[in-house]
Amino acid sequence: AAFTSAEKGRGGEETDADKRLKNALLNHTAGSSVSGIKELSLDTGVTTLTLRRTLLPSLSLSALPSHVTTVNISSNNLGPHAFNAAMLFACKSPTLTSLDASNNFASSECCVTLARLITSNPRIRSLTVQNNPFTTTASKVIGDALRLNKTLECLNIASCGLVDAGDLFSGMSGHVSLTSLTVSNNPCGKTAWKALGGSLSAGLKLQTLSAR
């Protein structure tokens, strides 16, 4: 099923337009177009769209309204090609600030487009990509991208097969905005924590760290 969290009317109640949009999303099935969703959402104050477990063979995010700031496309089994397309959409979005693309069977090759998002769109504040099998590639590629990014505030990369997270943690050195990091269920490696300590000493100001 798919649903939306929308801005409500002045009194905090769901408007008729909000209800029509929610109905369109709830009845959004595999292979269908999101054009109807776009048309309906233009009549509302929608800023958040959640499209989880829709099992779409492809997801044309470019058809979504330009004023959407938060998108959740987790658990859609997108695969590498569609995942890359989603990242490229996010790169170009002038309003997107939060993206959740967890559980989508992204591969190690997808780390390149993920890194491109981190370096090219300074508006992104929250990025969740947990439970994607990036393996060892992610640490260096994403770490290098973080060296060029100073605006990301929340990164969740749990359960992504990070065998050695040293490069990832080193890339956070001096990052002034990153305050929340989740790397749980990754065999990060013993030396990686020394790298994280170095980044913290260099100005990284984490307020929340999850590394279970």
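Here OG1 of Thr119 is found 11.5 Å from CD1 of Ile124. Values are rounded to the nearest 0.5 Å. Atom CE of Met87 is separated from atom CG of Asn84 by 8.0 Å, given to the nearest 0.5 angstrom. Considering CG of Asn103 and CD1 of Ile73, their distance stands at 11.5 Å, rounded to 0.5 Å. Within the model, atoms OG of Ser98 and CD of Glu153 stand 10.5 Å from one another, a figure rounded to the nearest 0.5 Å. For the atom pair OG of Ser74 and CD of Gln130, the computed distance is 8.5 Å after rounding to the nearest 0.5 Å. Note that the CE atom of Met172 and the CZ atom of Arg147 stand 10.5 Å from one another [nearest 0.5 Å].
You'll find the side chain of Leu114 stays beyond 4.5 Å of the side chain of Asn132, heavy atoms only. In this structure, Leu196 and Leu204 have side chains that are in contact, with non-hydrogen atoms separated by less than 4.5 Å.
Contact between Thr135 and Ser108 at its shortest, heavy atoms only, is OG1-CB, 3.9 Å. Here the closest non-hydrogen pair linking Ser159 and Asn185 is OG-CB, 3.2 Å. Scanning both residues, Ala192 and Gly166, for their nearest heavy atoms gives CB-N, 3.6 Å. The two residues Cys188 and Phe169 make their nearest non-hydrogen contact at SG-CZ, 4.4 Å. Residues Ala90 and Leu99 share a closest heavy-atom pair of CB-CD2, 4.0 Å. Ser173 and Lys150 get closest at one heavy-atom pair: O-NZ, 4.2 Å.
Around the NZ atom of Lys92, the shell of radius 6.0 Å holds no more than 12 heavy atoms that belong to other residues, nucleotides or ligands. No more than 12 heavy atoms of other residues, nucleotides or ligands lie within 6.0 Å of CZ in Arg116, so this atom counts as exposed by the packing criterion.
Between the side chains of Ser184 and Ser210, at least one donor N or O lies within less than 3.5 Å of an accepting N or O. When only modelled atom types and interatomic distance are considered, Asn104 and Asn76 share no side-chain donor-acceptor pair under 3.5 Å. No side-chain N or O of Ser139 forms a donor-acceptor pair with one of Asp164 less than 3.5 Å apart. Judged purely by distance below 3.5 Å, without hydrogens or angles, the side chains of Arg125 and Thr97 never pair a donor atom with an acceptor atom.
No donor-acceptor distance shorter than 3.5 angstrom exists from the side chain of Ser177 to the backbone of Leu152, with no hydrogens or angles considered. Between the side chain of Asn131 and the backbone N or O of Ser102, no donor-acceptor pair lies under 3.5 Å. Thr69 contributes a side-chain N or O that, together with a main-chain N or O of Thr47, makes up a donor-acceptor pair within less than 3.5 Å. Side-chain atoms of Ser201 come within 3.5 Å of backbone atoms of Gly197 as a donor-acceptor pair (strictly under, hydrogens ignored). Thr151 places a side-chain N or O within 3.5 Å of a backbone atom of Pro122 that can act as its donor or acceptor partner.
Clustering ILVMFWY residues whenever any of their side-chain heavy atoms sit less than 4.5 angstrom apart, transitively, puts Leu209 in the very cluster that holds Leu168. No continuous path of ILVMFWY side-chain contacts below 4.5 Å connects Leu88 to Phe83, so the two sit in separate hydrophobic clusters. When the side chains of ILVMFWY residues are joined at heavy-atom separations under 4.5 Å, either directly or via intervening members, Leu206 and Ile118 end up in a single hydrophobic cluster. The cluster map of Ile, Leu, Val, Met, Phe, Trp and Tyr, joined by side-chain heavy atoms under 4.5 Å apart, puts Val141 and Ile157 in different clusters. There is a path of hydrophobic side-chain contacts, each under 4.5 Å, that joins Leu181 to Trp193.
A search for side chain to side chain contact (heavy atoms under 4.5 Å, CB included) contacts involving Pro80 returns Ser107, Cys110, not counting sequence neighbours.
When each of Asn121, Asn149, Asn156, Leu117 is tested with Leu127 by the rule side-chain contact (heavy atoms from CB on, under 4.5 Å), just one qualifies, namely Leu117.
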